[in-house]
Amino acid sequence: MSNPEPEGSLAANYDEARGIAVAANALLDLPDTVSLDTIRRYVETLRGRRVVIRETSDLNGSDVCGLWFGLDDMELIFHASAAQGLHRDQIILHEFSHILLNHEQEDFPAAQFQGIFPQLDGNAVLRALQRSGQGSVTEMSAEILADLLAERIRLSGPSSKRLKKFDEVFG
């Protein structure tokens with residue numbers, strides 16, 4: 001018999017992250033029909049400010065696929081412009097998940113922020129959380145919740161309704 005994983009190991013972190021994400025998903029009061037847009041509106045209502053999603057080529061080719069900035073008047077999410085379709089949606093869902101899980105953002109110096117995104121006022125940035133450190137509980141819980149949100153979107157779509165009707169008829 002093998003020993004259980006030590007505290008702080010990848011397996012222990014995953015188990016903790018999965019528990020956090022599953023619990024958070026169960027508490028979300030989303031409608032029956034879920035889309036990326038309904039989740040965005042839910043986050044806006046929850047946070048009391050708008051969510052703006054922008055693509056940027058500044059993230060192309062880097063290890064960072066998405067960034068979330070909590071600004072004074074909005075939640076600002078950037079995703080790499082190279083990301084398309086489901087990959088893009090997963091990045092956005094991951095950043096939504098950080099917000100929904102109330103993850104703290106790391107301090108991000110205004111000068112560094114302006115160097116990456118000169119079109120924005122660096123002084124307006126409160127904090128930022130970038131998508132990195134994939135083995136941390138924070139990152140894993142955000143990714144697992146993003147997967148659960150993606151599943152909710154898939155299950156509420158038209159093809160899912162056809163499968164449910166198929167199951168009702170053919171059991």
Side-chain angles (χ1 to χ4, degrees), residues 1-55 59 62-71 74-80 82-108 125-161 163-164 167:
M1 186 164 133
S2 64
N3 292 330
E5 294 290 332
E7 186 63 26
S9 72
L10 192 57
N13 286 356
Y14 178 81
D15 290 343
E16 181 181 352
R18 179 145 185 79
I20 291 167
V22 168
N25 186 46
L27 293 174
L28 296 178
D29 189 23
L30 292 168
D32 291 338
T33 302
V34 182
S35 68
L36 196 64
D37 193 53
T38 58
I39 296 169
R40 180 193 53 79
R41 289 194 310 267
Y42 180 81
V43 170
E44 286 178 333
T45 300
L46 191 67
R47 299 291 280 199
R49 55 187 167 190
R50 65 192 172 118
V51 173
V52 176
I53 301 167
R54 297 279 186 256
E55 75 174 38
L59 296 177
S62 77
D63 291 339
V64 178
C65 300
L67 288 169
W68 158 44
F69 295 104
L71 305 176
M74 75 177 87
E75 303 296 343
L76 180 59
I77 295 173
F78 283 104
H79 65 85
Q84 300 296 315
L86 294 175
H87 184 219
R88 174 194 170 274
D89 293 351
Q90 187 70 16
I91 293 167
I92 293 167
L93 289 171
H94 178 97
E95 300 308 327
F96 283 166
S97 295
H98 279 301
I99 297 168
L100 293 168
L101 291 166
N102 293 314
H103 286 160
E104 290 296 319
Q105 296 181 348
E106 298 171 8
D107 288 335
F108 198 79
V125 177
L126 301 176
R127 296 171 309 272
L129 181 66
Q130 67 183 30
R131 190 173 175 172
S132 61
Q134 296 297 329
S136 73
V137 171
T138 299
E139 286 304 315
M140 283 194 279
S141 61
E143 193 61 28
I144 293 166
L145 182 55
D147 290 343
L148 294 170
L149 292 171
E151 180 179 39
R152 287 174 86 155
I153 292 170
R154 279 191 309 279
L155 292 176
S156 72
S159 61
S160 175
K161 291 179 179 122
L163 288 175
K164 286 178 188 171
D167 285 345

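Residues M140 and I20 fail the side-chain proximity criterion, which asks for heavy atoms closer than 4.5 Å. The shortest distance between side-chain heavy atoms of L46 and L100 falls below 4.5 Å. V51 has its side chain out of reach of R41: every pair of non-hydrogen atoms, C-beta onward, lies at least 4.5 Å apart. Taking the side chain as every heavy atom from C-beta outward, L76 and R54 approach each other to under 4.5 Å. Looking at F78 and F69, their side chains come closer than 4.5 Å, going by heavy atoms from C-beta outward. You'll find the side chain of I77 reaches within 4.5 Å of the side chain of I99, heavy atoms only. No side-chain heavy atom of M74 sits less than 4.5 Å from a side-chain heavy atom of R47. The closest side-chain heavy-atom distance from C65 to H87 is below 4.5 Å.
Between atom CD1 of residue I92 and atom OG of residue S97 there is a gap of 11.5 Å, rounded to the nearest 0.5 Å. Put simply, CD on E44 and CZ on R50 are 9.0 Å apart, with the number rounded to the nearest 0.5 Å.
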Review point. Does the pair L148 and L28 meet the rule for a side-chain contact (heavy atoms from CB on, under 4.5 Å), with working shown?
Key: CA-CA 11 Å; L148 294 170; L28 296 178; over 6 Å; no

Review point. Do E151 and R154 pass the side-chain contact (heavy atoms from CB on, under 4.5 Å) test, and can you show the C-alpha distance, the side-chain angles, and the key distance before you say yes or no?
Key: CA-CA 5 Å; E151 180 179 39; R154 279 191 309 279; 3.5 Å; yes

Check your understanding: Could you walk me through whether L36 and I53 pass the side-chain contact (heavy atoms from CB on, under 4.5 Å) check?
Key -> CA-CA 11 Å; L36 196 64; I53 301 167; 5.6 Å; no

Practice item. Begin with the C-alpha distance, continue with both residues' side-chain angles, and end with the deciding distance and a verdict on side-chain contact (heavy atoms from CB on, under 4.5 Å) for Y42 and D29. Key: CA-CA 8 Å; Y42 180 81; D29 189 23; 4.2 Å; yes

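Under a cut-off of 6.0 angstrom, the local environment of CG in L86 is sparse, with at most 12 non-hydrogen atoms contributed by other residues, nucleotides or ligands. For D32, the CG atom is loosely surrounded, since the number of other residues' heavy atoms within 6.0 Å does not exceed 12.
With hydrogens and angles disregarded, a donor-acceptor distance shorter than 3.5 Å links the side chain of S141 to the backbone of V137.
Shortest non-hydrogen contact noted between L145 and A21 is N-CB, 3.6 Å. What you find for A146 and L93 is that their closest heavy atoms are CB-C, 3.7 Å. Across all their heavy atoms, A83 and R88 have their closest contact at O-CB, 3.7 Å. Taking all atoms of both residues into account, the shortest heavy-atom contact from I91 to G66 is CG2-CA, 3.7 Å.
Scanning for side-chain hydrogen bond (donor to acceptor under 3.5 Å, both in side chains) contacts around R152 gives N25, with sequence neighbours left out. Applying the side chain to side chain contact (heavy atoms under 4.5 Å, CB included) test to R18 and every residue at least two apart in sequence or in another chain returns Y14, V22, I144.
Each of H94, E75, H103 was compared with W68 under the side-chain hydrogen bond (donor to acceptor under 3.5 Å, both in side chains) criterion, and only E75 meets it.
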